[in-house]
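Residue numbers begin at 1 in each chain, while the letters A, B, ... track the order of the sequences. Computation of the quantities below employed the complete heavy-atom set of this structure, encompassing side-chain atoms and omitting hydrogens, waters and symmetry-equivalent molecules.
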Amino acid sequence: MLDKLVNAFGPSGNENEVRELIKKEIEPYVDKIEVDAMGNLYAIKGENPEILVCAHMDEVGFMVVEINEDGTLKFLPVGGIDIRTVLGKRVKVGRNKIPGVIGSKAVHLLKPEEEKALPQWENLYMDCGFTKKDEAQKEISPGDYAVFDTEYTENGEYLIGKAFDDRIGCYITLELAKKNFPFPIAFVFTVQEEVGLRGASVVGNKLPVKIGLILEATAAGDFPQEKDLGRFPAPGKGPVITRLDKRCICDKELVDLLISIAEENGIPYQIKKPTVGGTDAGKIHLSREGVRCAVISVPARYIHSPVSVIHKKDVENTMKLAAKFLERTGGSR
Amino acid sequence: MKELLARLCETFGPSGREEKVRELIKNEIEGHVDEVKIDVMGNLIAKKGKGGKKIMVAAHMDEIGVAVSHIDEKGFIRFGPVGGVFPTIPLGERVEFEGGAKGVVSIEKLYKEKDLALEKMFIDIGASSKEEAEKMVKIGEIGCFTRNAEDLGKRFVAKALDDRVGCLVLIEAIKRTRELPNEVYFVFTTQEEVGLRGARTSAFGVSPDLALAVDVTGTGDTPEGMKMAVELGKGAAIKVKDRGMIVDKRIKDKLIDLAEKNNIPYQLEVLEFGSTDGAVIQLTKEGVITGAISIPARYIHTPSEMCDMDDVEACVKLLCAFLEAEHTL
């Protein structure tokens, strides 16, 4: 299932394929399924849940903005992508997922000043093998989406693929839905997180819950550094718990509960570097009269690029920590 | 008022950790209000009066602070900002953390002044190793700057005047008014400094007809200062506009009218930068008619903010007049 989820085509605003996958998989385990106007998917067990588990379906990607006379495609990023990671990468473009390449001049043709300069989005193009504008127009329109063309693979304990941010959260949420909890729970899969937590903005209005648990992927950065300034979380060293980020000061009691559950059960954990980043919790905790929120993330290297890497153990431990957290909150009743 | 203001300002209360300030305020207003509750975000909501309009008055309890992001091998603390901490401010300041650890802020050797940045700063909590420091603070622990309040006579200096002086104005209005002809909700909000967060959920809960934010505003009366008409000692500032809100003209005019009728000194405020809880209250549900009374203050977001006690008095009087008035909006 994880390979299907991460291979699926789902940039912000075009999450349909991911949503259909999840819907089909989760249907036997829940009592009710709904999709709201934004496209968020709600899978609900029991009546009037007071707790929700949430992960976002969308990934960073691209949008075609114009077709050039020579049949190449002008495009822009959707969500935050480091431009240096896209040169020479394979992409899938449009409704028919046409294979394409983000063109990058061969090293032989580079001028000395070009070698040093950072590329600019307006100078990049996608090459899908079309030779003329009208040829491309038959397959592609401005507004069509594209995503990185990366196939999921495994290397021992390490899982390799695109879009672990946040399909790994979707995967864990899905697996949690298969377990039995003696109280109602809502499993929510949001859209458009990468362009500003947009799907999550309406989740709290739709579901008047008291507690929200957000499952995410967070940037791992266990690289050697010259200065002793603190490293970002490392894959394999456990789920990452957020105390505060740029968008949310997580509920103190819930954070302390997560930490004590981890310690009591011998689950390794890491604390996220505070005051930076943001998740759907940023919107959900400010819904209505307020929702107490906690965030657990799987550390992932190289997120927002064509390929990211996570550790199997972190996925298992995040699932364990989240399940015990749900049990202990008792559905907040 | 000064004694209470000093206690309010000296109390620990960075965004998300307002418990001690809330406790102090709760004790002060108990017996003077009809009902008190604390919501999910930690806002303290006190109800007083009945009939008339449903009015929400908001002042925020939180102050800017820091959060521990890393403890290095020698036990020095690296930190990130909680709210608007300008890099020109923390050097040489003292910090206190949730768990009680105290420390001093300093910086790596600087080669150029323009390299001044929080990332180059650290907090020395007196630990001599990582192990020792880890017993004193945790990653993600929140702290704030500390400084005693100083009574300069007419003027008053303290950390966190933003917005404990606003809290004081609300407390005074609660104590000085008898029966109110409006259903008034005095809301002491949380997490203003990190994005007006407490005001958002409390305004949703209260769902008022009218609202006033009570907060500090900058002044233009210091050497080579900001371009701004507000001056210390010239009265309550009636907000016209800031970065986040254009005040409803009807509420602005009502405040001006009340100030003139009651001989309360006032000035009009147009703030180029900054905003208040009013900005999110105004946009709650189907919209709320919202204004703001501001206490002029110098050196905002430093540990030595300064206000004038006559201005504070004027703000209290203006707020009382507004809450006691009949509103037809």
Option that, when pairs with chain B are counted at under 4.5 Å, heavy atom only, ranks first among [options]:
options                      : result
A/Leu229, A/Leu244, A/Val255 : A/Leu229
A/Arg288, A/Arg247, A/Lys227 : A/Arg288
A/His285, A/Lys273, A/Arg292 : A/His285

### Task
Starting from the C-alpha separation in whole Å, work towards a yes-or-no answer on side chain to side chain contact (heavy atoms under 4.5 Å, CB included) for A/Leu326 and A/Val53.
CA-CA 9 Å; A/Leu326 293 175; A/Val53 184; 3.9 Å; yes
Would you say the side-chain atoms of [X] and [Y] include a donor-acceptor pair closer than 3.5 Å?
X        : Y        : answer
A/His304 : A/Asp165 : yes
B/Lys285 : B/Ser207 : yes
A/His56  : A/Gln192 : no
A/Thr190 : A/Asp280 : yes
B/His301 : B/Asp162 : yes

Chain A contact via [X] - which portion, at a heavy-atom distance below 4.5 Å:
X        : result
B/Val206 : neither
B/Ser15  : both
B/Ser69  : both

### Query
Of the listed residues (B/Phe76, B/Phe204, B/Phe79), which shares the most heavy-atom pairs with chain A below a 4.5 Å separation?
B/Phe204
### Winner by heavy-atom pair count (cut-off under 4.5 Å) against chain A, out of B/Arg78, B/Lys138, B/Glu73, B/Arg17
B/Arg17
### Query
A/Val276 versus chain B, heavy atoms under 4.5 Å apart: side chain, backbone, both or neither?
neither
### Task
List the steps, then state whether side chain to side chain contact (heavy atoms under 4.5 Å, CB included) holds for B/Leu210 with B/Lys54.
CA-CA 6 Å; B/Leu210 303 175; B/Lys54 206 181 201 187; over 6 Å; no
